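In what follows, a single structure is set out as structure tokens and then discussed.
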Amino acid sequence: MHPERATMPVTSQLFRGFPLAKLWGSSLFPCQRQLPCCPTSHRPTSSQPHPIWPTAMPVRGYRRSPDLHSYNLTPPQVNSILKANEYSFKVPEFDGKNVSSVMGFDSNQLPANAPIEDRRSAATCLQTRGMLLGVFDGHAGCACAQALSERLFYYVAMSLMPHETLCELEAAVEAGRPLSPILQWHKHPNDYFTREAQTMYFNSLRTYWQELIDLSSPGESLGPREALLSAFKRLDSDLSLEAQVGDANSFLHYWVLRVAFSGATACVAHIDGSDLYVANTGDGRAVLGVQEEDGSFSAHTLSNDHNAQNENEVARIQGEHPPSEKKTVVRQDRLLGLLMPFRAFGDVKFKWSIDLQRGVLESGPDQLHDNEHTKFIPPNYHTPPYLTAEPEITHHRLRPQDRFLVLGTDGLWETLHRQEVVRIVGEYLTGVHQRQPLTVGGYHVTLGQMQGLLAERKARASLAFQDQNAATHLIRHAVGNNEFGAVDHETLSKMLSLPEELARMYRDDITIIITQFNPHVVGHQRQGGES
Amino acid sequence: MHCSCVWSSRALSPALLPRLLSHAGCWAPGTKPRGIWSSPRRLASAVETTQPIPLPSQARVVICGGGIVGTSVAYHLAKLGWTEIVLLEQGRLGAGTTRLCAGIVSVAKPISIECKMADYSNSLYEHLEEETGVKTAQYSLSEVSKLHPLVNIHDLVGALHLPGDAVVSPPDVNHALATAAAGHGVQIHERTTVNHVMMEKGHVTAVETDRGAIECEYFVNCAGQWAYELGQASETKVSVPLHGCEHFYLLSKPLPEPLQPSTPVVMDMDGRIYVRAWQGGVLSGGFEKNPKPIFTEGRNQLEIQTMQEDWDHFEPMLSALLRRMPELEVCEIQQLVNCPESFTPDMRCLMGETPGVHGYFVLAGMNASGLAFAGGAGKYLAEWMTYGYPTANVWPLDIKRFGNLQSSRTFLRHRVMEVMPLLYNLKVPRWDFQTGRQLRTSPLYDRLDTQGARWMEKHGFERAKYFIPAGKDLLSLDASKTFYKPDWFDIVGAEVKCCKEAVCVIDMSSFTKFELTSTDDQALALLQHLCANDLDVPVGHIVHTGMLNERGGYENDCSVVRVKKNSFFIISPTDQQVHCWSWLKKHMPDDPQLHLEDVSWKYTALNLIGPRAMDVLGELSYVSMTPEHFPSLFCKEMSVGYANGIRVMSMTHTGEPGFMLYIPIEYALHVYNEVMSVGQKYGIRNAGYYALRSLRIEKFFAFWGQDLDPFTTPLECGREFRVKFDTDIDFLGRASLLHQRQEGVSRRFIMLVLEDHDTELDLWPWWGEPIYRNGELCGTTTSSAYSYTLERHVCLGFVSPPSLDGSPAAVTPDFINRGDYEVDIAGQRYPAKAKLYPFSSLFAQQRRRKDEMELSNFQGK
């Protein structure tokens, strides 16, 4: 949960009586953003005994027993925390006929919230070509992000299917025949599906494809850009609709409301051969790692953040509402002074009219009545909707120098600069798989200098070798970097041993998917495509 | 003329020192300083011509490989008077490993035959110059007091100086050998690739090259790295089990104060490096713990191209170098050289005629000691080709110690990764390789393994060493690599005790088993010719016999059972599988009525040792197994449990009472289970080879391959009673034995029982310890074991009286009985009682049969 991002039960209860603006504007914000990367305040050699939360403790009023101070994790403990959610997928090398531009991906996530509110998905489209990868950052609970992680790719896959395939699908369902699989999921054991809701999800999806069939004619299919756009918007409207309709099953009814009243951003990549499409809603980010001719890596961002730092977004939102709301629609860098991302799924509090919200809540299950958050109407709520799930879509034609794509939730990007991210991943990937061999050539190198150089390389390599997963390696840096930009066990140990209720103050949930491209295939396909 | 060499090791075992020193002492240094390390290009000029000379259409010998090994073979063949020798090299002479190797001739080698070869190489390289005028650049011994200016000695406890070691330039030696060989009429053709070796009826007939075919009688594969591939490229595939590994060494620029060429070579075994002087700087390489095997897939290329340098891989060795010689830090790097070397599965080279193909010889797999061995190995191989055998026992190097089973590329790749680091490891007694294991196993393997068996490997076959009793702390057993009392001492002791008092079962399935059958008496005739003992015995009798060569030496030591009138079952040691097969095949007449079959895989062999063995078997077969009904050295097919057709033999290879069961493998588990369950009330337990070894050594049983070799005759080891002198059958080696009997033997196999040796605290004898008589060196031990019965160490070994006039003196009973013998273990001499016969009286209380019955069972495998 993002206390600074949206209201949530815990914080709203904790800080009842405080002016909301003060809560979001001042005390928490600096320490969250600065502490992990602020060099002076928590240098390990600092004279302060527990330099990591000196400012946080008095503000939050937390008093912890001394056992809190013994946060020394051993390296294996650190590794087991970092590796708990790591997942790798290698695209199998077939007989050369089916060479994929994607070699595989590494993904991982590190919770700060308990439970984690980030989700991730990866799947191969079986009825069409290409691979889908996405990271989802939930707020005000994980329900919406969970729903996205299960459903969004089906909507995209449907949108991509040609008319005939959709008809076959419909005919199969009609006749009760088994369906040919649509997606091959690449899931970590911890990534789960909400079994109870599958029938409802399926019915919504079926309605969608029936509409797609009606709207298209034989031989037609949507291009990836239109498909992504349509899928994003459709799913968000389905989330909204399902919450309004409710369900006879009270658990499901409660569930659909939780999904609709929570929110999530989505950053999804669709990769088919050399064509890379990124659809982004919110402040997740997709960054391409480009290897320059000198072997170094540079970052090429493929998405725009939808938040207050993006002037276009601020202008868009202000333009969508009457001039009288100009001051209130974005306050303190938040939508209506509350929400950090300016686009999101769910979050019907920012989309429905006040009447609709009240009506739905009143007819909803009893559990909702105790929930402060859902009852709360944002201030200055005059001309909804204020929020959309419409994605911004970028197309990129992959080049041989494009080595990998990093999809990450804002938890990553607020701790590491994208250039740094790309450098770390690039060095990890080349270091592990093709470390540049050292040659003396004609230079004057003494044995002592060489020994020093080799020792340094060895140290770097051994750090990389701890991780078999590039995403884990990146998280290690994101969490454990000291002021010199090097991973420091003490920092890691401190950051990872924070108690649940404190962790969120120093870092956000981090979810990363790093997709590696096959430069040979990419180059070949480009040539083939151009000729 | 020589460069000295310093071996240093913090952990160098005291036991190793005298062994190394004894080799070191055998070489007298000379002086003749020379220039150093000439360019490899220089060497080709003498034999290279711009237009290739046409190949001859026929030759007597074709040698493939123009490295130092190939040229050495050519040189020595020519010296022995061979003509029509053609040497083919696919690239240029010495362009492979020879071009790059570091040029150290060290004479400190693990086994004596290797020391002999290195010694000879050393002297050969010295004399080459006189013969050819080509300088082979060796360096003088420096002052022993100030051996090396750069060595950091702070963490050393000792160092060993080998003044006999030399440094030469391998390309120069290669060139010199080639020049000398050419001078003796050898035709050398470069840029000629051997594609295929043609054979007919198991004989080499011709060699096909990219420049035409050459008919020949003999072919020598000296192709180094490519010997494996070349072996595969012949009509009958020849297995040359070797595999390449990358090997790195560093060349530095000259030091501010140039290092003198006379500076000794330093070998830091703990740092895994060697360092020698090179053009005022140093040359330093090593044998790392994590070798990089290469060419697993094979690569047919002309020369070993300039291989990639890998500094990250070299880092541990660079650190070791700077630790040993900190002053080198300021020294600049010239180059890191990657020089692939070939390694074999047991760290020893491959030499000799290949099994199955007459005229196909191999000399390859030098394990990074090509320069040190090439001279000696070339000489032995040339002798082998000339006389049919070399002038020394080269069995440890004989290619026939391997078979096809060691030819898997995966096996070789994994094994050489273990072998290469071993070069600089301390070689502890009873080393077992960890890689390439569990290839051949008995059907009982899993059963035995779950009962705590610890395994060793012989010829790919897993054999139990001993069984760890349930509840024994396993961790403490990991430290069995010691020169002192090993941690299995009590475990083996308990197994031996059980063999003496109750009954033990040892799985001995690894033995080589052949069946020789014929329609008429051809099988008997062949065996009567090959075996020293008389095989014309009634059906069902077992005969222990040697198979001797013309000199009367043991080529094999086996037990032969006359199963039927014209059918014989031959049981030989495990590692004889290839050698014995080819020995039999070589002497077998081309007769379709005579049939030899390898049935090793068909039988599981269980050895029931102990006084209660007859009770167990009696119960399982309802047949009385007492000596009255089942005399010693007798074989019967009978039923054991439900299984019928089990060959039961009254022998145990140890001198203890008991039986060997040869069980068709499908019955193995049944018979084992029955034996174990019936045996329970007699106290049966599993035992391993260590117990067997202790038993056979205390009974003075010699072991082929360790005590017996092709240069040892039955007379020298007191086995005259196994020679059919009383018949007039002319068996192989008879003339030599008769001659020796007349002249008297000049060396004698004896048994030494150590006195004043503290088993707990003193270093143990293992093998190879010097034997002294009245203070004079008179021989070495060949095997030893702790006798749990005598509660003493027993060493077996050969002694010979000092020759007075240069000719060998005959051994007299007085020489054995009237001398004060001592065995030297790591510099400490222990008095020992020398015996010609086992202490039969000591075993009297356990004897259930007549003395001579067991005495005739002088058998060890």
Side-chain angles (χ1 to χ4, degrees), chain A residues 75-76 92-96 99 291 293-297 403 423-470 473 476-477 486-487 519-520, chain B residues 150-152 246 248-257 259 266 268 271 273 275-286 288-290 292 294 305-338:
Chain A
E93 285 179 45
F94 295 112
D95 47 6
V99 272
Q291 190 164 28
E293 271 173 20
D294 64 357
S296 68
F297 286 88
R403 306 312 286 265
R423 186 190 65 77
I424 291 166
V425 175
E427 282 179 6
Y428 171 81
L429 291 176
T430 49
V432 169
H433 304 298
Q434 51 202 58
R435 182 157 49 152
Q436 217 67 32
L438 213 57
T439 49
V440 176
Y443 298 105
H444 296 277
V445 185
T446 68
L447 295 179
Q449 288 167 336
M450 180 57 90
Q451 188 191 23
L453 186 61
L454 292 175
E456 199 182 297
R457 278 164 70 92
K458 196 165 130 190
R460 233 186 303 151
S462 70
L463 187 65
F465 277 126
Q466 280 189 310
D467 299 320
Q468 282 78 48
N469 184 303
H473 189 62
R476 189 185 295 276
H477 277 272
V487 172
H520 307 293
Chain B
L150 297 171
V151 174
N152 165 21
E246 293 179 51
F248 296 91
Y249 64 84
L250 169 85
L251 299 177
S252 82
K253 292 188 177 152
L255 287 163
E257 195 178 320
L259 200 59
V266 172
D268 178 350
I273 51 161
V275 190
R276 55 164 278 204
W278 183 78
Q279 294 192 352
V282 296
L283 180 160
S284 172
E288 62 272 30
K289 279 184 184 156
N290 53 336
K292 294 170 74 181
I294 44 163
Q305 302 298 340
T306 321
M307 306 272 308
Q308 285 276 319
E309 58 194 306
D310 185 344
W311 279 100
D312 297 299
H313 191 72
F314 193 71
E315 189 270 337
M317 287 172 273
L318 177 60
S319 297
L321 172 65
L322 294 180
R323 196 162 53 243
R324 185 56 53 226
M325 302 182 183
E327 287 166 53
L328 289 178
E329 246 180 50
V330 295
C331 186
E332 272 183 31
I333 295 164
Q334 171 82 35
Q335 200 191 345
L336 184 66
V337 182
N338 182 351

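Each chain gets a letter, A, B and so on, in the order the sequences are listed, and its residues count up from 1. All values derive from a computational prediction rather than experimental measurement.
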Got a second to check how far L250(B)'s CG is from M450(A)'s CE, nearest 0.5 Å?
8.5 Å
Nearest 0.5 angstrom please: L447(A) CG to K253(B) NZ, how far?
11.0 Å
Just jot down the side chain to side chain donor-acceptor pair (under 3.5 Å) partners of Q334(B), sequence neighbours excluded, or say none.
none
I333(B) versus chain A, heavy atoms under 4.5 Å apart: side chain, backbone, both or neither?
both
Flag for S319(B)-Q451(A): side-chain donor and acceptor within less than 3.5 Å
yes
